[in-house]
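Scope of the values below: all heavy atoms of this structure, side chains included, with no hydrogens, waters or symmetry mates. The sequence lines fix the lettering, A, B, ..., with proteins before strands; numbering per chain opens at 1.
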Protein chains: 2
Amino acid sequence: MAKPRWLTEHEEAAWVGYRRMRVLLDLRINRDLVSQSGLSEQDYDVLSNLSEAVGQRMRLGDLAAHMCWSKSRLSHHITRMQDRGLVQREECADDGRGSMLTLTRKGHDAIIAAAPGHVASVRQHLIDVLTPEEIDTLAALTHRVVARLQD
Amino acid sequence: MAKPRWLTEHEEAAWVGYRRMRVLLDLRINRDLVSQSGLSEQDYDVLSNLSEAVGQRMRLGDLAAHMCWSKSRLSHHITRMQDRGLVQREECADDGRGSMLTLTRKGHDAIIAAAPGHVASVRQHLIDVLTPEEIDTLAALTHRVVARLQD
DNA sequence: AGCGTGTTGTTGACATGTCACTAACCTAGA
DNA sequence: TCTAGGTTAGTGACATGTCAACAACACGCT
């Protein structure tokens with residue numbers, strides 16, 4: 001720490017750009033989604049991952065790991081979603097500690113209804129703004145950063 | 001919306017990667033910073049932008065715009081930082097509505113002390129994980145997305 | 001001057017996420 | 001068997017951010 005390697009101009013531009021994009025993009029996509037479907041992006045992610053799981057059911061811990069969420073965050077959020085009737089907690093047969101998470105009929109309908117609009121929003125504000133090369137670079141780069149952070 | 005263009009595999013990878021990186025990277029960098037300096041990343045950004053401003057003072061609205069924050073968010077945050085003695089609100093001479101934001105001595109010292117460790121953290125978890133090409137691509141891509149969102 | 005409209009910043013109510021702690025349970029080794 | 005230590009999930013207190021509403025002021029037009 002005695003001799004910090006400050007960011008170069010290019011590095012600074014990437015870092016600042018990332019942080020700005022994070023704020024604006026997330027806010028915008030979230031707003032689009034809420035106004036169109038009544039779901040937040042967090043709700044959408046939970047429902048989406050759950051609907052793609054085998055049997056449309058998942059352990060809480062597995063879902064948290066898959067989404068890179070803390071267990072606490074997921075637990076709080078699931079409580080709220082359960083109150084709204086979108087998902088359902090069930091006992092876990094083979095592990096007394098665990099909970100299985102399942103989709104309710106209402107949750108299933110909600111994700112089906114929300115998906116087209118959400119994809120359109122993601123396209124409009126991010127994907128369709130990028131070139132195919134940028135998309136691949138972004139995918140590669142984010143996956144590498146995530147992998148490093150998951151130790 | 002009748003016929004949604006779903007994301008291709010590559011597009012999906014970029015989108016999922018971005019969202020995972022967002023969660024993990026921000027959490028990690030924030031934790032590093034808090035444990036090393038007692039500042040959150042938000043605190044750091046405010047102090048950093050303020051210390052680079054001419055006269056180390058800035059209008060609240062200008063700072064909010066520059067950081068891509070909502071005015072409300074900044075106002076709340078400044079109140080908290082002011083309570084901790086890091087910044088100071090002052091009357092704005094040429095506009096009775098406005099406030100000027102200034103750095104206190106304590107805020108100045110805090111950013112100076114925190115900077116080397118924070119840069120090291122950003123390098124370790126993001127910048128140094130990327131190639132120079134990826135950094136430039138990330139900068140270009142994020143700036144374009146931000147520009148589109150700012151209309 | 002007087003009025004309407006837009007800006008600037010603040011506030012309160014509320015939603016969300018983190019952290020630290022706890023309870024309940026599982027598993028392996030003495 | 002039983003006990004220590006790890007795992008799974010839930011909880012409460014707190015920090016943060018959003019949204020909508022508001023107050024105070026600026027500015028342009030008549």
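- Here the C1' atom of nucleotide C:dT10 and the CZ atom of B:Arg73 are 17 Å apart, to the nearest Å.
- C:dA24 atom C1' lies 15 Å from atom CG of A:Leu60, rounded to whole Å.
- A sub-4.0 Å separation between OP1 or OP2 of C:dT18 and a side-chain N or O of B:Arg31 is absent.
- When rounded to the nearest whole Å, the span between CG of A:Leu24 and P of D:dG17 equals 14 Å.
- A:Arg84 places its CZ atom 17 Å from the P atom of C:dC14, with the value rounded to the nearest Å.
- Taking atom CG of B:Asp26 as the reference point, atom P of C:dG17 lies 13 Å away to the nearest angstrom.
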- Item | Pair A:Leu130-B:Val145, side chain to side chain contact (heavy atoms under 4.5 Å, CB included): steps then yes or no | CA-CA 8 Å; A:Leu130 309 183; B:Val145 170; 4.0 Å; yes
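- Atom P of nucleotide D:dG10 and atom CG of A:Leu63 are separated by 12 Å, given to the nearest angstrom.
- As rounded to whole Å, 14 Å separates atom C1' of C:dT10 from atom CG of B:Leu101.
- For the OP1/OP2 pair of D:dA9 and a distance below 4.0 Å, the side-chain nitrogens and oxygens of A:Arg59 include at least one atom meeting the criterion.
- Between B:Arg80 and the phosphate of D:dG17, there is a side-chain N or O to OP1/OP2 separation shorter than 4.0 Å.
- Looking only at atom types and distance, the side chain of B:Thr102 has no donor-acceptor partner in the side chain of B:Arg89 under 3.5 Å away.
- Note: CG (B:Asp32) to P (C:dC19) measures 12 Å, nearest angstrom.
- Here C:dC25 is the nucleotide among D:dT16, C:dC25, C:dG9 with the atom lying nearest to any side-chain atom of A:Asp95.
- Considering only side-chain N and O atoms, B:Lys71 lies nowhere under 4.0 angstrom from the phosphate OP1 or OP2 of C:dG9.
- Both A:Trp15 and B:Leu141 are part of a single hydrophobic cluster, where members link through side-chain heavy atoms under 4.5 Å apart.
- Judged by closest nucleotide on DNA chain C, B:Asp62 is the one of B:Val23 and B:Asp62 placed further toward the 5' end.
- A donor atom on one side chain and an acceptor atom on the other are not found under 3.5 Å apart for B:His118 and B:Asp32.
- Side chain of A:Arg97, nearest nucleotide from D:dG6, C:dT10, D:dG10: D:dG6.
- The side chain of B:Arg89 places an N or O atom within less than 4.0 Å of a non-bridging phosphate oxygen (OP1 or OP2) of C:dT10.
- A salt bridge is absent between A:Asp26 and B:Arg19; no separation between the charged side-chain nitrogens and carboxylate oxygens falls under 4.0 Å.
- Of the candidates C:dT18, D:dG17, C:dG17, C:dT18 carries the atom nearest the B:Leu27 side chain, counting heavy atoms from C-beta on.
- Looking at A:Arg80 and A:Asp43, no side-chain N of the basic residue comes within less than 4.0 Å of a carboxylate O on the acidic one, giving no salt bridge.
- If you check D:dG6, C:dC19, D:dT16 against the side chain of A:Ser72, the one that comes closest is C:dC19.
- Position along DNA chain D of the nearest nucleotide to B:Asp43 versus A:Gly98 favours A:Gly98 as the more 5'-ward residue.
- The residue B:Ser99 sits close only to the backbone: its heavy atoms come under 4.0 Å of sugar-phosphate atoms, none of a base.
- Contact annotation: B:Gln42 does not reach the phosphate of D:dA15 (side-chain N/O to OP1 or OP2, under 4.0 Å).
- Comparing C:dG9, C:dG12, D:dG17 by their closest approach to the side chain of B:His76 singles out C:dG12.
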